[in-house]
Protein chains: 2
Amino acid sequence: MAQHSTVLDGVFTALADPTRRAVVRRLGGGPASVGDLAREAPMTLPSFMKHVRVLESNGLIRTAKTGRVRTCELNQERFALVEDWLAEQRSLWAGRTDRMERFVTQSKENQ
Amino acid sequence: MAQHSTVLDGVFTALADPTRRAVVRRLGGGPASVGDLAREAPMTLPSFMKHVRVLESNGLIRTAKTGRVRTCELNQERFALVEDWLAEQRSLWAGRTDRMERFVTQSKENQ
DNA sequence: CCAACACTTAGCCCTTGCGCTAAGTGTTGG
DNA sequence: CCAACACTTAGCGCAAGGGCTAAGTGTTGG
């Protein structure tokens, strides 16, 4: 078990904080500077920057600095990992349902 | 911002740990006892029980004790929250793409 | 040129998370 | 009845997370 999926760990961890999800949502509407994003968060800039770094280091956003402004944008691809994990999970459930149906069907046939 | 979505916090936090995701995957194939689940995890039983409690308190699994055995099963509904959040996120991206397309179209018309 | 701006770094504090051991509770098979 | 079983509780240790202040760096508008 355990599967060493360090990357999924990071993605879920990054999304587990409301400040960070708010950033993701905001960036869904288009790129923004750190300053713009921070203005909507109830904390100091250094604290907020940590969240930005968490999002970036886990690949959910990309950032680039031009002059003295750092601009952030969403890395949409990363979210596919979550979709994939959910899809795999659902396929497990579906497989189990199928086996249950076969069992029920066989039971009826054997009556 | 921040939106106080304590429940999503919990769901993402619960899924951020590989031991817990392994339990979820395992339960995708059907219910199991705590003992069965713990046997596949590289830690002591009390440590493992904490993970079970995290999963349960965040609604990802349900558990019930009969005699001395506690049986766990997946609460599939909870995963819809993640799907919904992802869907909303994607709709934001889509909305933005639409606006960009309109902009490009208008730009061409104004040439 | 230089003050204002937009971060950035460093470091502290406190809480939470995740592992452990040791000991306790309630069930059950023989 | 009682030993084995399947958790469960209590409490400890350490690392990481998330907030803060204070001070530093590099850009830029006037």
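Convention: sequence-line order gives letters A, B, ...; per-chain numbering from 1. Fair warning: this is a prediction, and the values are worked out from it, not measured in the lab.
Once you apply a 4.0 Å limit to the heavy atoms of chain B, the touched nucleotides of DNA chain C run 5' to 3' over C/dC18 to C/dT28.
Base-pair partner of D/dT8: C/dA23 (Watson-Crick or G-U wobble, both distances under 3.5 Å). A 3.5 Å limit on both hydrogen-bonding distances identifies D/dG30 as the Watson-Crick or G-U partner of C/dC1.
Atoms CG and CG, on A/Asp36 and A/Leu27 in that order, are 10.5 Å from each other to the nearest 0.5 Å. The CZ atom of A/Phe48 lies 4.5 Å from the CG atom of A/Leu37; values are rounded to the nearest 0.5 Å. In this structure, A/Leu15 CG and A/Asn58 CG are separated by 9.0 Å, a value rounded to the nearest 0.5 Å.
Along DNA chain C, the nucleotide closest to B/Gly67 and the one closest to A/Leu45 are compared, and the more 5′ of them pairs with A/Leu45. Along DNA chain D, the nucleotide nearest to A/His51 and the one nearest to A/Arg68 differ in position, and the one closer to the 5' end is contacted by A/His51. Nearest-nucleotide positions on DNA chain D place B/Asp36 closer to the 5' end than the other of B/Asp36 and A/Met43.
In this structure, B/Lys50 places its NZ atom 12 Å from P of D/dG11, rounding to the nearest Å.
The side-chain heavy atoms of B/Arg53 and B/Thr63, taken from C-beta on, include no pair separated by under 4.5 Å. In this structure, B/Leu74 and B/Ile61 have side chains that are in contact, with non-hydrogen atoms separated by less than 4.5 Å.
Of the residues in residues 54-64 of chain B, not one comes within less than 4.0 Å of DNA chain C through any heavy atom.
The list of salt bridge (charged side-chain N to carboxylate O under 4.0 Å, His left out) pairs with a residue in residues 74-88 of chain B, not counting sequence neighbours, reads A/Arg25-B/Glu88, A/Arg90-B/Glu83.
Residue A/Ser47 places no side-chain N or O under 4.0 Å from the OP1 or OP2 atom of D/dG18.
Among the heavy atoms of the strands lying under 4.0 Å from A/Arg20 are primed sugar atoms or P, OP1, OP2 only; no base atom is included.
Smallest separation of non-hydrogen atoms from A/Glu56 and A/Arg62: OE2-C, 4.4 Å. Across every non-hydrogen atom of A/Ala16 and B/Thr13, the tightest pair is CB-OG1, 3.4 Å.
Of the possible polar contacts, one joining the B/Arg20 side chain to the B/Ala14 backbone as a donor-acceptor pair under 3.5 Å is found.
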